[in-house]
Amino acid sequence: MLGFAEHKQQVIELKGEKIWHSLCWLSIAILRAFILLETFMKKLVHALVLTGLVGMPTAAMAAEESPHSLSANVGLYSDYVFRGISQTGGEPAIQGGLDYSHSSGFYLGTWASNVGWLEDFQGYDKGNVEIDVYGGFRGDIGGTGLTFDLGAIQYMYPGDRPANITDADTSELYAALGWKWFTVKYSYYISDEVFGFANADGSDYLAISASVPVGETGLTLGASWGTFSFDNNSAQDYDDWKISAAYDMGKLTPVMDGVTIGVAYTDTDANPANWTESAPNSEFLGDSTTTVWISKAF
């Protein structure tokens with residue numbers, strides 16, 4: 001029989017191996033996504049030329065700006081913290097997303113990351129990936145200087161779980177109002193299960209945030225506060241807050257265009273009794289933490 005120290009070491013090694021496999025899987029998936037994105041963009045541009053620009057003079061074609069745009073992003077984070085709660089139990093995360101937007105304000109996107117809480121907190125037999133799909137409409141409100149964003153997002157957590165474990169998949173509607181550097185966003189949940197808590201439809205999350213650029217230095221300072229209310233699961237309710245700093249590396253050299261590095265400090269008043277992983281990990285997911293990251297936008 002293994003002693004406690006040997007058992008603990010074996011658990012740590014298994015967890016490390018699981019995280020490493022997750023990171024490798026996501027890296028390959030994101031690379032394949034970029035290859036598909038490049039192919040899709042070429043086909044889209046070709047289709048637009050055939051359907052919308054055929055017969056136009058060459059000069060007019062050069063001047064015409066497409067109403068469609070595609071973008072992508074990938075990032076490596078020391079911890080994946082979402083609304084104050086660690087999704088990876090303090091472990092690193094690799095993340096990536098693809099976005100389509102139209103000049104009308106309509107947008108669609110998808111995003112993915114490795115997670116740890118499905119197995120370590122929720123009780124899944126197998127599951128370590130989050131995949132989000134979202135869409136909405138955003139724009140300006142006349143000449144007021146205000147902006148709006150209305151949309152929906154589906155959080156999907158593929159995996160295997162025992163029959164008595166609540167599904168983690170979650171459906172959210174959101175509305176945001178912005179002015180200069182400030183944003184107020186309200187999220188309302190319409191799924192019966194909300195991040196693994198049963199009978200929680202009607203839960204909501206309110207966030208107030210600010211993102212302030214420091215002149216033309218490339219440095220942006222941020223701060224936010226949020227409050228999460230879980231319907232029929234009030235023991236899980238909590239507030240969270242964050243301060244952050246991000247730097248645009250493109251300010252140093254064009255070679256680093258689109259690369260951002262950052263650091264953030266987050267904390268919550270979540271109850272450890274309700275937000276701690278199962279033994280032997282026993283990681284308090286709502287604990288204060290400092291996260292560093294590097295990301296690249298395409």
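What's counted below: heavy atoms across the whole structure, side chains too, no hydrogens, waters or symmetry copies.
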Quiz prompt | Same cluster (ILVMFWY, side-chain, under 4.5 Å), Val259 and Val263 | solution = no

Practice problem: Measure across Ser113 and Ala93 and return the closest heavy-atom pair with its distance rounded to 0.1 Å. | Solution: OG-CB, 3.9 Å

Quiz item: Among all residues two or more places apart in sequence or in another chain, which pass the ring pair (Phe, Tyr, Trp, His ring centres under 6.0 Å) test with Phe121?
Solution: Trp275

Self-check item: Donor-acceptor contact below 3.5 Å, side chain Asn114 vs main chain Ile94
Solution: yes

Practice problem: Identify the two heavy atoms, one from Val81 and one from Thr266, that lie closest to each other, and give their separation to 0.1 Å. | Solution: CG1-OG1, 3.7 Å

Exercise. State whether the side chain of Thr260 and the backbone N or O of Asp248 hold a donor-acceptor pair below 3.5 Å, judged by distance alone.
Key: no

Quiz item: Do you know which two heavy atoms are closest between Leu221 and Ala245, and how far apart they sit?
Solution: CD2-CB, 3.8 Å

Practice problem: Could you walk me through whether Leu285 and Thr276 pass the side chain to side chain contact (heavy atoms under 4.5 Å, CB included) test, one step at a time? | Solution: CA-CA 6 Å; Leu285 301 179; Thr276 297; over 6 Å; no

Self-check item: Approximate separation, where rounding is to 0.5 Å, of Glu91 CD and Asn128 CG
Solution: 12.5 Å

Quiz item: Counting heavy atoms not belonging to Trp225, are there more than 12 under 6.0 Å from its CH2?
Solution: yes

Quiz item: Minimum heavy-atom separation for Leu118 to Gly127, with atom names?
Solution: CB-O, 3.4 Å

Exercise. Please identify each residue that fulfils side chain to side chain contact (heavy atoms under 4.5 Å, CB included) with Ala207, with sequence neighbours left out.
Key: Tyr205

Practice problem: Taking Asp120 for its side chain and Glu277 for its backbone only, find out whether a donor-acceptor pair lies under 3.5 Å. | Solution: no

Quiz item: Does Phe230 have its ring centroid less than 6.0 Å away from the ring centroid of Tyr189?
Solution: no

Exercise. Decide if the gap between the ring center of Trp117 and the ring center of Tyr80 is smaller than 6.0 angstrom.
Key: no

Quiz item: Quick one: salt bridge (charged side-chain N to carboxylate O under 4.0 Å, His left out) partners of Glu193, sequence neighbours excluded?
Solution: none

Quiz prompt | Which atom of Thr88 lies closest to which atom of Val115, heavy atoms considered | solution = CG2-CA, 3.9 Å

Exercise. Evaluate the side-chain proximity of Gln154 to Tyr134: yes if any heavy-atom separation is below 4.5 Å, no if none is.
Key: no

Quiz item: Just checking, Arg138 and Tyr107: is the charged tip under 6.0 Å from the six-membered ring centre and within 45° of the axis?
Solution: yes

Quiz item: Is Tyr247 reachable from Leu76 through a run of I, L, V, M, F, W or Y residues, each pair having side-chain heavy atoms under 4.5 Å apart?
Solution: yes

Exercise. Look only at the side chain of Thr268 and the backbone of Gly84, and say whether a donor-acceptor pair between them is shorter than 3.5 Å.
Key: no

Practice problem: May I ask you to test the Thr217-Lys251 pair for a side-chain heavy-atom distance under 4.5 Å? | Solution: no

Practice problem: Assess Lys242 against Tyr265: is NZ or CZ under 6.0 Å from the centre of the six-membered ring, and within 45 degrees of the ring's axis? | Solution: no

Quiz item: Under 6.0 Å between the ring centres of Phe195 and Tyr155?
Solution: yes

Practice problem: Answer yes or no: is there a donor N or O on one side and an acceptor on the other, between the side chain of Asp169 and the main chain of Tyr157, under 3.5 Å? | Solution: yes

Quiz item: Are any side-chain N or O atoms of Ser191 and backbone N or O atoms of Ser171, one a donor and one an acceptor, separated by less than 3.5 Å?
Solution: yes

Quiz prompt | Candidates Asn274, Ile85, Thr227 - the one meeting side chain to side chain contact (heavy atoms under 4.5 Å, CB included) with Tyr238 | solution = Ile85

Quiz item: Which atom names give the shortest non-hydrogen contact between Asp79 and Thr291, and what distance separates them?
Solution: O-CG2, 3.3 Å

Quiz prompt | Distance (rounded to the nearest 0.5 Å) between Thr170 OG1 and Ile190 CD1 | solution = 10.5 Å

Self-check item: Spatial distance of atom OG (Ser203) from atom OH (Tyr188) [nearest 0.5 Å]
Solution: 8.5 Å

Quiz item: Is the cationic atom of Lys296 (NZ for Lys, CZ for Arg) positioned less than 6.0 Å from the six-membered ring centroid of Phe298 and within 45 degrees of its normal?
Solution: yes

